[in-house]
Amino acid sequence: MAPKRPIRYITTIVSDISDSAGVRLLSLRDPDGWELPPATPGSHIDLYLHNNLTRAYSLCGDPENQHQYQVAVKIDHQGRGGSKYIHNELQVGDFIDVSLPRNTFPLIRDGQKYVLVAGGIGVTPFIAMMYQFDRLRISYQLHLFYRDVPPLQSTLAQLGRYGQIVLHDRANACKTIPMLLPDPHEDTYALCCGPLRMMGDFDDAVQHWDSANVSKEFFVPPERPPLVNAYSLVLKKSGKTVAVPVGTTALEALEQAGVAVQSSCLGGVCGACKVEWLEGEPIHNDLCLSPADRRNQFMTCVGGCNSETLVLNL
Ligand code: FES
């Protein structure tokens with residue numbers, strides 16, 4: 001059986017806006033004007049760039065607008081090349097393939113109050129949520145920590161009808177975050193998306209909260225734990241067996257064996273490389289699967305294995 005390719009949609013760039021924070025906001029539409037697959041607040045898509053890079057970006061437009069996806073990309077001069085390509089090469093009118101939306105950062109239930117803590121470009125998933133909150137008249141506070149210039153100011157200026165947007169200097173995040181959070185309450189939810197250090201500050205501040213009321217999304221994957229076991233992947237559908245040496249990810253071994261698995265962040269945060277596992281003892285090193293998901297799902301870009309074989313539904 002031929003390897004299953006991920007579903008891609010062709011979109012065209014219909015507008016782009018660059019701001020002084022080094023962020024380029026792209027609006028993508030179906031070239032023939034059809035609706036795009038629906039996305040819930042907090043979703044992201046992969047962009048399949050023409051230089052063979054795949055990059056995941058949170059959708060930051062109004063999720064009710066099914067004719068348009070918006071992604072905001074901050075230039076990262078030290079990065080792996082995706083943001084530089086998007087800033088320097090893409091033009092309005094270019095076609096670009098995108099994945100189906102995935103949501104590893106969904107809104108937690110229907111709360112009455114949300115406190116959103118964002119670091120820089122980590123504000124993007126919250127923008128989609130704020131469109132929803134403003135529509136549903138749900139109370140929220142967005143605390144945006146920034147360095148030099150806040151990102152996406154013209155987009156944020158359209159939001160905040162039922163919420164408050166507060167800007168903070170990023171240098172003070174450690175001291176400020178604990179003071180921003182109200183006392184825990186069953187109807188109050190705290191969400192965070194930002195750089196690793198800010199996520200640590202947020203974790204410290206919500207230690208006494210019920211974990212069901214707290215959620216976060218990494219946009220920079222933390223360092224992956226070392227993969228110290230060698231094992232074999234047994235692919236139930238194709239009948240193949242793929243050896244995974246020490247230090248190699250399941251994703252790398254599958255790709256070397258010619259088995260196509262979608263991937264993007266390579267750090268266990270975006271959800272792209274998820275496969276179903278059937279037997280064995282997987283080691284889950286990801287930051288996007290819930291305990292319930294882990295009973296049958298496995299992120300191949302970071303996971304390891306404690307048993308001699310891991311049977312996958314591939
Ligand atoms: S590629 Fe993003 S979680 Fe594996």
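Every number for a ligand or one of its atoms is a count from 1 in the order of the listing. In this chain, numbering begins with 1 at the start of the sequence shown.
- Taking the side chain as every heavy atom from C-beta outward, H185 and K113 never approach each other to under 4.5 Å.
- The minimum heavy-atom distance between V73 and S83, with the atom names listed, is CG1-CB, 3.8 Å.
- Checked against the 6.0 Å centroid criterion, the rings of H168 and F145 qualify as a close aromatic pair.
- Protein N/O/S atoms nearer than 2.8 Å to atom 4 (Fe) of ligand 1 total 2.
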Show me the side-chain donor-acceptor pairs of residues 152-163 shorter than 3.5 Å, one per line, residues at least two apart or across chains.
residue: Q153; atom: NE2; partner: P150; partner atom: O; Å: 3.3
residue: Y162; atom: OH; partner: R137; partner atom: NE; Å: 3.2

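- Both tests do not hold together for R29 against Y69: distance to the six-membered ring centre under 6.0 Å, angle to the ring axis within 45°.
- The aromatic rings of H284 and W277 lie tilted to each other, with the angle between the two planes from 30° to 60°.
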